[in-house]
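Below: the structure, in structure tokens.
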Amino acid sequence: MITVRGLHKTFRVAKRSTGLGQAVKALFHREYKAIEALKDISFSIEPGEIVGYIGPNGAGKSTTIKVMSGILVPDSGICSIMGYTPWEQRVSYVKHIGVVFGQRSQLWWDVPVIDSFELLRDIYKVPETEYQSNLSLLTETLDLQELLGIPVRQLSLGQRMRCEIAASLLHSPSVLFLDEPTIGLDAMSKIAVRRFIQTINAERGVTVILTTHDMSDIEALASRIILIGKGRLLHDGSLQGLRSQFSTRKVITADYRTCHRPLAIPGAAILSWSPERAQFSINTGEIVVSEVLAALSSQVELLDVTIDGQPIEDLIIQLYKEHQLS
Amino acid sequence: MRLYWKYVWILFKSQMQYRASFWLLTLGQCLTPLAVFAGLYFLFERFGQIRGWSFPEVAVCFAVIHTAFAITECFARGFDLFSTMVGQGEFDRVLVRPRGTILQVLGSKFEFARAGRLLQSLLVLFFALSSLTIEWTPLKTVTLILMISCGVFIFTGIFILAATFCFWTIQGLEVVHILTDGGKEMAQYPLNIYQKWVARFFTFVIPFGCINYLPLMYILDKTEGNGILYMLAPTAGIIFLLPCLLVWNIGVRHYRSTGS
């Protein structure tokens, strides 16, 4: 479905310098430095996958999305999506994809949503029957009925995002690119948007590629993540795989019947202790969870135990740090 | 083309959300060129004629160029405001839609308020033509239509050129207004009142002279020799537009390789 092999992209960026003298100088002569936005990016995506494409700001996420949606031409490398090379057959290719830029609207600001939809129907030359069936499906799943008659500028951000996503699906694309679809949304709207992405993926088999900074989006949606940093591919695989590969720290919280004697578990560091509750941090490379539990139950009468893995956010931050050091 | 009118229709609906502002703008637009035209009138009041050109004749010159400019500003405004489109990254949106870039940029903006300017320019045109004694023939009518439509082509070409610069600079270039506004100011008078090099520049480089001065001589029967050449002079506007479109495509290619 999607094959990306050896993508390279270098930008020339004007050096910005401080100071008035430098600024004046820059008017006449500019120094450029080359920034490698993408270095040898390769991956492939099967039809019907939901892939989370993540990385810190400036990692090259948007550049990759732009290359894959036919906006940018890379310096070298292959990208084949449904048999098209996006930047070569732009017009015939983009009919098959939908793109949502979370921060920019594709709807006409001052007119009711339905007018934008109808214009998009004409832009994409969607046959009337197909348009009607898509529209009624989208209206139903996204609960848009009341929004269609309202000018876009009067919609809330969450409502608008639902309309944006619907707008990008009117022409039944096979691939949907979502660039930060939940940015700025409240918890309720986030959940609504996520649920919708799942529905559309399950019912229509749309392949979804989404970028986000919200790790709960990834946890809720993506069976697979591609992590990039400084233009390089750092990880490609399941979230679970990432966890087991990198996350060896676990936090065990134990509640027990009052016991004033301090606990001592070999191999586990105590994070907090009270007569009723204690928290330990362990490294699963050094000690197995069951050993800790066995040691615990021999010392106190356990009432409740919770074991928490490292939050995914911490994991990502740790990964970024590691790679910036190397 | 059908799609273009749909773009215009949705923009019209948007504009109608702000009725008061629309009417005020239209009125204002009506008054600006009127002031310029009044200046022209008082000039002739004082001097009678310029190099053998009477007031109504110059008024035709004036009206043709202003009509063409008003029409262009109405529908090619998307190119005029293209710098904001690039600056805000809206051009990316254009590239992910399965239509040509020119059509989409044209469809991004339509300045309805310029209708005021257009109306005023047309009024001057009718006034000027009716106060001249012209023997109208079908060919002369065609010439007049050619003059205006090819004028639109020239201004559109300049707008497109100016917009193309935005691919490199992101910001719009004020310099280009020398060509649009400056060209308009120059070409509202018959070109033979200027220095030779000015006349040549506006005939062969930016062919404003070809859409009013030369064909107007044909309409006013001032030509010597072959009138058909004078009559067909406005088509230079179409020829002017072609390299502009070419440059635009180079600009789009540059944008897609730098992504600035």
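Basis for what follows: all heavy atoms, side chains included, without hydrogens, waters or symmetry-related copies.
Ranked by heavy-atom pairs shorter than 4.5 Å toward chain A, the options B/Lys6, B/Lys13, B/Arg99 are led by B/Arg99.
Taking CG of A/Asp115 as the start and CH2 of B/Trp9 as the end, the distance is 9.0 Å to the nearest 0.5 Å. In this structure, B/Arg253 CZ and A/Trp87 CH2 are separated by 16.0 Å, a value rounded to the nearest 0.5 Å. The line from CD1 of A/Ile65 to CG of B/Asp92 is 12.0 Å long, rounded to the nearest 0.5 Å. B/Gln17 CD to A/Arg153 CZ: the interatomic distance, rounded to the nearest 0.5 Å, is 4.5 Å. Atom CZ in B/Arg93 sits 8.0 Å away from atom CD1 in A/Ile71 (nearest 0.5 Å).
Looking at A/Val111 and B/Leu11, their side chains never come closer than 4.5 Å, going by heavy atoms from C-beta outward.
Between B/Leu95 and A/Arg90, the closest heavy-atom pair is O-NH1, 2.7 Å. In terms of heavy atoms, A/Gln106 sits closest to B/Arg97 at O-NH2, 3.2 Å. For the residue pair B/Val96 and A/Val94, the shortest heavy atom distance occurs at O-CB, 3.4 Å. Closest of all the heavy-atom pairs between A/Lys95 and B/Pro98 is CG-CB, 3.6 Å.
Looking at B/Val94, only its backbone comes within 4.5 Å of chain A, counting heavy atoms on both sides. Within the 4.5 angstrom heavy-atom criterion, only backbone atoms of A/Ser105 (N, CA, C, O) approach chain B. For a residue to count as touching a neighbouring chain, one of its non-hydrogen atoms must lie under 4.5 Å from one of that chain's; by this rule A/Pro86 touches chain B with the backbone only. For A/Tyr93, no part lies under 4.5 angstrom from a heavy atom of chain B. Proximity to chain A (any heavy atom under 4.5 Å) is shown, for B/Phe91, by neither the backbone nor the side chain.
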